[in-house]
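Data first, discussion second: the structure below is written as structure tokens.
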Amino acid sequence: MLDLKKYGVTMWEEEKIKSFRKALLDWYDANKRDLPWRRTRDPYAIWVSEIMLQQTRVDTVIPYYERFLHHLPTIRDLAVAEEEVILKLWEGLGYYSRVRNMQKAAQQMVEQFDGQFPRTYEEIASLKGIGPYTAGAIASIAFDLPEPAVDGNVMRVLSRLFEVNHDIGVPANRKIFQGMMDILIDPDRPGDFNQALMDLGSDIEAPVNPRPEDSPVKAFSAAYLNGTMGKYPIKAPKKKPVPVAYQGMIIRNQHNEFLLEKNQSSQLLAGFWSFPLLEKGAVLDKQVSLFEVAEEPVQPDTRQSFTDQYGLIVDWQDEEFSPVQHIFSHRKWLIDLTEGIATAGSLPADRELKWVAVVDFHSYPFAKPQQKMWESYLATKNKK
DNA sequence: TAACCGTGGGT
DNA sequence: TACCCAAGGTT
């Protein structure tokens, strides 16, 4: 048992804990949202929802959740699905390693658990892509096990309830909140208790513009009672994404097919298809703007580099396209576009390249930057 | 531990 | 525009 006092947290007496559970669950019973994954006890479906909800909003998830279960209704369906199928089902959701790991976990379940979802916390946590939060969520929601599910919402709510003076963004501090939840969690309704805290944290106790007056547990909240709501949770600011400039190559051949390349597993957006991208230079200075990137003319050595790497003789066009910007969590891409018509040459064997007609684009997984590149290209072409 | 890994919504 | 944020996990 974690010594909470060591971290400046004074846990409540047993009577207060029971009173808190009742206040929270009564509120949840009256106010819980009617979400698709709350209409099932199928651990597979609950798992799908939990993975999709990682760092992703409920409204975004709902249509993806329905479509995913429609196409892959069981663990075994997921285990044997083609990579391009699962990527298409996840296309647009982001953090694509989530669905790759889900497939690995499904294969684990087929091999180790006879295709059944495991029913203990330890076994659930042994699955690829399932960390302590998700293991606790599935264990409590699908199997009624008294396991905490400590996510960002729970840490924020607990920070305010107990005035926790530890940064919730520091992984090592997670154990503090886990220790608090080990004591607080309702042993009779662990799944509802966990979900109630998350519902509370996602709306009334939101990170921005919270409405603490509306909280069903404001009488329990040290921060509310002491007027220190603005101080909690303690969290260090995030780092800015690093800007990188690319030359995007929209290359077509004489059959009006476009050159696409599959990103390798070590690359960002692994498994997705892209128009060739050549890095324009070293990491840019923070001050450089997208406008400046676009103003810079395509360098002859960039074109030569393309020919060297892709083995194509290209008739470069001088049409201008709007540059593309895309911001990831940790990187900011600035893409200048240029068009070329391949007239001769042969593609290298050490890259995954294909000539693809526009009518076949829909069967290739395309991430957002590539969609933006295509939209920019079409926008100029359609003006004529 | 800190970096990596997407995208869209809100202010 | 710029910045913050979202039911995290892996390496």
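Atoms considered below: every heavy atom in the structure, side chains included; atoms not considered: hydrogens, waters and symmetry mates. Chain letters run A, B, ... following the sequence lines, proteins first and then strands; every chain starts at 1.
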*For the side chain of A/Thr134 and the backbone of A/Gly131, is there at least one donor-acceptor N/O pair under 3.5 Å apart?*
no
*Base, sugar-phosphate alone, or nothing: which one does A/Trp90 contact when heavy atoms must sit under 4.0 Å apart?*
nothing
_Categorize A/Arg33 for me: base, sugar-phosphate, or nothing, with a 4.0 angstrom heavy-atom threshold over every strand shown._
base
_Between A/Glu163 and A/Thr228: side-chain donor-acceptor atoms closer than 3.5 Å_ = yes
*Between A/Glu213 and A/Tyr224, do the side chains contain an N or O donor and an N or O acceptor separated by less than 3.5 Å?*
yes
*Please work out which residues in residues 73-82 of chain A have a non-hydrogen atom less than 4.0 Å from an atom of DNA chain B and list them by number.*
none
*Within the structure, does a side-chain N or O atom of A/Lys239 lie under 4.0 Å from either OP1 or OP2 of B/dA3?*
yes
*Can we say A/Asp144 and A/Arg41 salt-bridge, meaning some charged N sits less than 4.0 Å from an Asp/Glu carboxylate O?*
yes
*With sequence neighbours excluded, residues passing side chain to side chain contact (heavy atoms under 4.5 Å, CB included) with A/Glu122*: A/Thr120
*With the sugar-phosphate defined as primed atoms, P, OP1 and OP2, and the base as all remaining atoms, what B/S/- string results for nucleotides 4-11 of chain B, 5' to 3', for protein heavy atoms under 4.0 Å?*
SBBBB--S
*Is NZ or CZ of A/Arg156 both nearer than 6.0 Å to the six-membered ring centre of A/Tyr232 and within 45° of the ring axis?*
no
_Expected output is a numbered-order residue list: members of residues 129-143 of chain A with a heavy atom under 4.0 Å from any atom of DNA chain C. What is it?_
A/Gly129, A/Ile130, A/Gly131, A/Pro132, A/Tyr133, A/Thr134
*For A/Leu197 and C/dA6, give me the distance from atom CG to atom C1', rounded to whole Å.*
17 Å
_Between the side chains of A/Asp308 and A/Arg303, is the shortest nitrogen-to-carboxylate-oxygen separation below 4.0 Å, so that they form an ion pair?_
no
*Residues from residues 172-184 of chain A lying under 4.0 Å of DNA chain C - heavy atoms*: none
_Comparing A/Ser49 and A/Leu127 on DNA chain C - which has the more 5′ nearest nucleotide_ = A/Ser49
*In the hydrophobic clustering that connects Ile, Leu, Val, Met, Phe, Trp and Tyr at side-chain heavy-atom distances below 4.5 Å, which members other than A/Ile313 occupy its cluster, ordered by chain and number?*
none
